[in-house]
K.L.:
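Quick one: the structure is below, questions incoming.
Below, chain A is the first sequence line, B the second, and so on; all start at residue 1.
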Amino acid sequence: MAILKLEICSGTSCHLMGSFDLYRSLDFLPRDYKEYLEIVKVPCLGKCGEGPNIRLGGKTYTYMTPEEIKLVIKREIDKLRGGKDGC
Amino acid sequence: MAVNRHVTEPVKLKRRVLTEVARLAWQGKLAEEIDDLPEKLLSMGKERYRCCEFKEKAIYAERIKLALGLGQKEEYKKKRLSELLPKALEFPDLADNQVNVINVACEGCPINKFFVTNACQNCLAHPCRNSCPRDAISVVQNQAYIDQNRCLECGMCKRSCPYGAIIEINRPCEASCQIGAIKANTDRKATIDLEKCVECGACMVGCPYGAISDKSQIVKVIEFLKTEKVYAIIAPSFIGQLGQKENPGPFLKAMELLGFTKVVEAALGADIVALEESEEFIHKVPKELDFMTSSCCPGFVNLVDKHFPDLKKHVSSTVSPMVAVAKYLKQEDREGKIVFIGPCVAKKTEAYASGVIDATLTFEELTALLVAKDINVSELEATQELSEDISRSGRGFAEAGGVKAALNGIMEKSELTWKPVNAQGLKECSQQLKELIRGKSEYNFLEGMACQGGCVGGPGAVVDGKFTGRFLQKLCQKTVREKATDNTVAQEIRKKLGTDLHR
């Protein structure tokens, strides 16, 4: 099974803008999506000021919200799984 | 009823403003660039929040004024920020009235309390009409309609509707204020009754438009850090606020990088206060008073002062842990500046009035200071450790029940009657105080904390109190000394300070 790496920036700038909330929101992700994810905390993604930032499968997303991170993850995993349509 | 706190869009707005104002202050460019800041802030962030960019810029300007420490005063209106700056740098508004409504940002939420929704079926029985004591309900366009001029807001219609189609709407600011200090003005904008407000900051958290905010002293602190020797007193709820869970090292390292000469935990003061307050209790109860209350939470002290003035003498005269530590530091070094950093808004007024603290920051403001100086705490290698003198019970002051627990540890050896109770949130505090007045209470010591969960739930925290509580417990597990009586340093300082420990 292919694994998607999810890096959540925990730098102080992103922390102030709510990166912790992004973590918490992952609790509400369906289990069959979570299985695909390898979640790591990273100290900086180099886009300070546009946070909170994440990197999913090598692509950086800025201005993330708990709502959007779930959408992005689902979209990318659906692509991985193939067959099924994206959002 | 603790609600999860999130970093919502209005919270991000406030934090961006604090960060950018701090950035200019660090760079010494406030005078040149402050007028461009609303425009710059507008270009940051993805979303547009309000009707148009002009309104957003107007709101940003007001937020910048608060970040500079200026209150929402008539005389500051219609003035350019650069014009106000010289005045702002004299910090004229820091003494009181910390919580401010930003009038342009206030959405003027509906004031009508009861509202008929589309779930109304226009049934045959219409119990709403029958139950209304003022005949305020009629049927308009196949739906019940409430004549707001007649409505008494009794809620009978809501309770009687079998569909639950009538809802009760509360303005979030009014709902969050448990002492009725915030009301709608004639123009429906929120206004704070300063006679009643205890500066707990619950409305700041409650307003979903972020239209209520506190005045900040970030610029003052940055000026100190540039030129003076600065001591920091950190509240015990500091743990985890910068995102490092229960590890205090990076926090201490970050403080060093900001330029603080020395960091002292307010928990040291908590140990001193626990020793002093327990002795005060033994002297006063039951000889002079039938009960005593704690005095470390300024929101609670304000509650007694403004809403229960007859009970003032029952509040412990012992100073708060913050003031105890500040007095000790001032004794050691007259010249150094002292900055208190905590989760609390009411502390800003208490600190100012104490005369021994030179500035106060919230954890939110501290983090903005770090971001503005490009200090990334997650990248720091830290070996700093907390003082080993401080006891577990001192650090426990940050959580509801902590003061009670600390005094328990000392009082359990006493033969006096010791019946403590703790209250969190202004509503619970008021209830306990009322029972004490009536003489119906079985308790003789009340720990009062204005915030839900205690200090960890304060409005100036970065991390949700539920998590800070967990980090604090882990830190306490590693703390060797158990009680205030085990802290020999606190005992020595207490002797040195003597009567200075009383208000």
K.L.:
Grab the two heavy atoms, one from Glu379(B) and one from Cys44(A), that are nearest each other, plus how far apart they are.
P.N.:
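Answer, listing the atom of Glu379(B) first, then Cys44(A): OE2-CB, 3.6 Å.
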K.L.:
Would the number of heavy atoms belonging to other residues, nucleotides or ligands and lying under 6.0 Å from NZ of Lys262(B) be above 12?
P.N.:
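Atom NZ in Lys262(B) is not crowded, with 12 or fewer foreign heavy atoms closer than 6.0 Å.
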K.L.:
So, taking the atom named CG in Asn376(B) and the one named OG in Ser10(A), what distance separates them when rounded to the nearest 0.5 Å?
P.N.:
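Reported to 0.5 Å precision, the distance equals 7.5 Å.
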K.L.:
Heavy-atom distance under 4.5 Å to chain A: side chain of Gln241(B), backbone, both or neither?
P.N.:
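Looking at Gln241(B), just its backbone touches chain A.
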K.L.:
Find the distance between SG (Cys48(A)) and CG (Asp374(B)) and round it off to the nearest 0.5 Å.
P.N.:
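So the SG of Cys48(A) and the CG of Asp374(B) are separated by 7.5 Å.
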K.L.:
Any chance NZ of Lys57(B) has more than 12 other-residue heavy atoms, nucleotides or ligands included, within less than 6.0 Å?
P.N.:
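Result for NZ/Lys57(B): enclosed.
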K.L.:
Evaluate the side-chain proximity of Val463(B) to His15(A): yes if any heavy-atom separation is below 4.5 Å, no if none is.
P.N.:
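A side-chain contact under 4.5 Å exists here.
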K.L.:
Which atoms of Ala372(B) are under 4.5 Å from chain A, going by heavy atoms: the side chain, the backbone, both sets, or neither?
P.N.:
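No part of it gets close to chain A.
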K.L.:
Roughly how far apart are Thr12(A) OG1 and Ile375(B) CD1, rounded to 0.5 Å?
P.N.:
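Going from OG1 on Thr12(A) over to CD1 on Ile375(B), the span is 8.5 Å.
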K.L.:
Identify which part of Glu68(A) has an atom lying under 4.5 Å from any heavy atom of chain B, answering side chain, backbone, both or neither.
P.N.:
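The side chain, not the backbone.
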K.L.:
Above 12 or not: heavy atoms from other molecules or residues under 6.0 Å from NZ of Lys466(B)?
P.N.:
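Result for NZ/Lys466(B): enclosed.
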K.L.:
Measure the spacing between NZ of Lys41(A) and OG of Ser378(B) and express it to the nearest 0.5 Å.
P.N.:
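Going from the NZ atom of Lys41(A) to the OG atom of Ser378(B) covers 7.5 Å.
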K.L.:
So for Phe20(A), is it side chain, backbone, both, or neither that comes closer than 4.5 Å to the heavy atoms of chain B?
P.N.:
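Phe20(A) touches chain B through side-chain heavy atoms alone.
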K.L.:
What's the spacing between Ser25(A) OG and His6(B) NE2 if we round to 0.5 Å?
P.N.:
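Ser25(A) atom OG to His6(B) atom NE2 measures 9.5 Å (nearest 0.5 Å).
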K.L.:
Would you compute the distance between atom CE of Met17(A) and atom OG1 of Thr19(B) and round it to the nearest 0.5 angstrom?
P.N.:
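The CE atom of Met17(A) sits 5.0 Å away from the OG1 atom of Thr19(B).
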K.L.:
Taking Asp21(A) as the fixed residue, which of Val11(B), Asp464(B), Val7(B) is the one that meets the side-chain contact (heavy atoms from CB on, under 4.5 Å) rule?
P.N.:
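It is Val7(B), the one option of Val11(B), Asp464(B), Val7(B) that forms the side-chain contact (heavy atoms from CB on, under 4.5 Å) with Asp21(A).
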K.L.:
Pick whichever of Leu242(B), Thr8(B), Val462(B), Leu370(B) has the most heavy-atom pairs under 4.5 Å with chain A.
P.N.:
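Greatest number of close heavy-atom pairs with chain A: Leu242(B).
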K.L.:
Check Lys12(B) against Thr65(A) and note the closest heavy-atom contact, atom names and distance.
P.N.:
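Taking Lys12(B) first and Thr65(A) second, the nearest heavy atoms are NZ-CG2, 4.0 Å.
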K.L.:
What residue in Cys14(A), Gly18(A), Pro43(A) has the most heavy-atom pairs under 4.5 Å with chain B?
P.N.:
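Answer, by heavy-atom pair count under 4.5 Å with chain B: Pro43(A).
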K.L.:
Name the region of Thr62(A), side chain, backbone, both or neither, that has any atom closer than 4.5 Å to a heavy atom of chain B.
P.N.:
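Interface part for Thr62(A): backbone (N, CA, C, O).
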K.L.:
Can you tell me which portion of Pro66(A) sits under 4.5 Å from chain B's heavy atoms? Options are side chain, backbone, both or neither.
P.N.:
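Pro66(A) has no heavy atom closer than 4.5 Å to chain B.
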